Amino acid sequence: MTSKKSTSNKRKVLDGLKGAACSRTEDALRKIQSGMTLVEKELQSGVLWDRLTRDDKVQLEQGDFMVLCGLGWNFLNGPKHKETTKRDVVDFLARVNRTLREQLADLPDVEIGKSPTKAFVQLQARYERLKKERDELRDYLNRVLTRTHEWHLERLQALRMVRELKEAAGVSVVHLHRR
């Protein structure tokens with residue numbers, strides 16, 4: 001009798017532990033989602049730059065984001081989240097940091113004395129934006145030149161066909177002198 005009762009108690013304890021682990025995971029995922037929402041809002045309002053400047057940083061790093069979420073800075077390196085949640089967070093942070101650089105490129109010049117790192121990142125962001133614009137313009141110019149060349153070849157083909165048709169029909173043009 002005691003073995004059945006102890007097996008039942010063990011099963012209840014194990015089920016309770018599983019439920020606690022699931023609820024901890026769900027709580028952590030909720031914290032990460034709310035952290036992402038907060039960062040998005042701060043990104044749109046410009047508060048995120050102030051937070052990063054205060055910490056003398058130019059981008060939001062994974063550890064800082066996790067602390068902002070109320071979790072440990074190394075939370076995502078555990079075996080349960082390393083292959084799943086971490087990828088989503090890293091992609092999110094890459095997108096946020098790219099948007100931060102784009103916003104910084106559009107801001108007025110940063111005074112070098114106040115924040116040389118931020119000034120350098122601003123110049124870097126402007127350089128990246130200009131390179132992107134240059135590449136887009138180069139692609140556009142290449143498309144225009146290709147289309148222009150196609151039109152030129154079509155025109156030459158049409159002129160050749162007109163000349164061949166005139167020769168085949170035996171039509172010749174006689175110029176009349178006008179007075």
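What you see below is based on every heavy atom in this structure, not just the backbone, and it leaves out hydrogens, waters and symmetry mates. The model shown is predicted, which means the values in this text are computed figures rather than measured ones.
Contact between V96 and L43 at its shortest, heavy atoms only, is O-CD1, 4.2 Å. Across every non-hydrogen atom of K86 and L76, the tightest pair is CD-O, 3.8 Å. Of all the heavy atoms in G35 and C69, the pair that sits closest is CA-SG, 3.7 Å.
Counting only residues at least two apart or on different chains, the salt bridge (charged side-chain N to carboxylate O under 4.0 Å, His left out) pairs with a member in residues 132-144 are R129-E133.
Hydrophobic cluster membership for L141: L145 (Ile, Leu, Val, Met, Phe, Trp, Tyr linked by side-chain heavy atoms under 4.5 Å, directly or transitively). The hydrophobic cluster containing L153, built from Ile/Leu/Val/Met/Phe/Trp/Tyr side-chain heavy atoms closer than 4.5 Å, comprises no other residue. The hydrophobic cluster containing V144, built from Ile/Leu/Val/Met/Phe/Trp/Tyr side-chain heavy atoms closer than 4.5 Å, also comprises Y140.
Here D88 pairs with nothing under the salt bridge (charged side-chain N to carboxylate O under 4.0 Å, His left out) rule; sequence neighbours left out. Every side-chain hydrogen bond (donor to acceptor under 3.5 Å, both in side chains) that E40 has, sequence neighbours left out, goes to R95. Among residues two or more places apart in sequence or in another chain, the side chain to side chain contact (heavy atoms under 4.5 Å, CB included) test is passed with V47 by E42, S45. Applying the side-chain hydrogen bond (donor to acceptor under 3.5 Å, both in side chains) rule to N74 yields the partners N77; only residues at least two apart in sequence or on another chain are considered. With sequence neighbours excluded, the residues forming a side-chain hydrogen bond (donor to acceptor under 3.5 Å, both in side chains) with R87 are E83, listed by chain and number. Every residue two or more places apart in sequence or in another chain that forms a side chain to side chain contact (heavy atoms under 4.5 Å, CB included) with R30 is listed here: E26, D27.
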Please output the side-chain donor-acceptor pairs of residues 156-164 that fall under 3.5 Å, not counting sequence neighbours, one pair per line with the distance.
from: Q157; atom 1: OE1; to: R160; atom 2: NH1; distance (Å): 2.5

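Atom CD1 of residue I32 and atom OG1 of residue T37 lie 12.0 Å apart, to the nearest 0.5 angstrom. Between atom CG of residue L38 and atom NZ of residue K41 there is a gap of 7.5 Å, rounded to the nearest 0.5 Å. Expressed to the nearest 0.5 Å, how far CG of L100 lies from CG of L48 amounts to 5.0 Å.
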R147 and E150: salt bridge (Lys or Arg N to Asp or Glu O under 4.0 Å), yes or no, with the steps?
CA-CA 5 Å; R147 187 62 189 142; E150 289 171 357; 2.7 Å; yes
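For the pair M36/V89, a side-chain contact is recorded, criterion being any heavy-atom separation below 4.5 Å from C-beta on.
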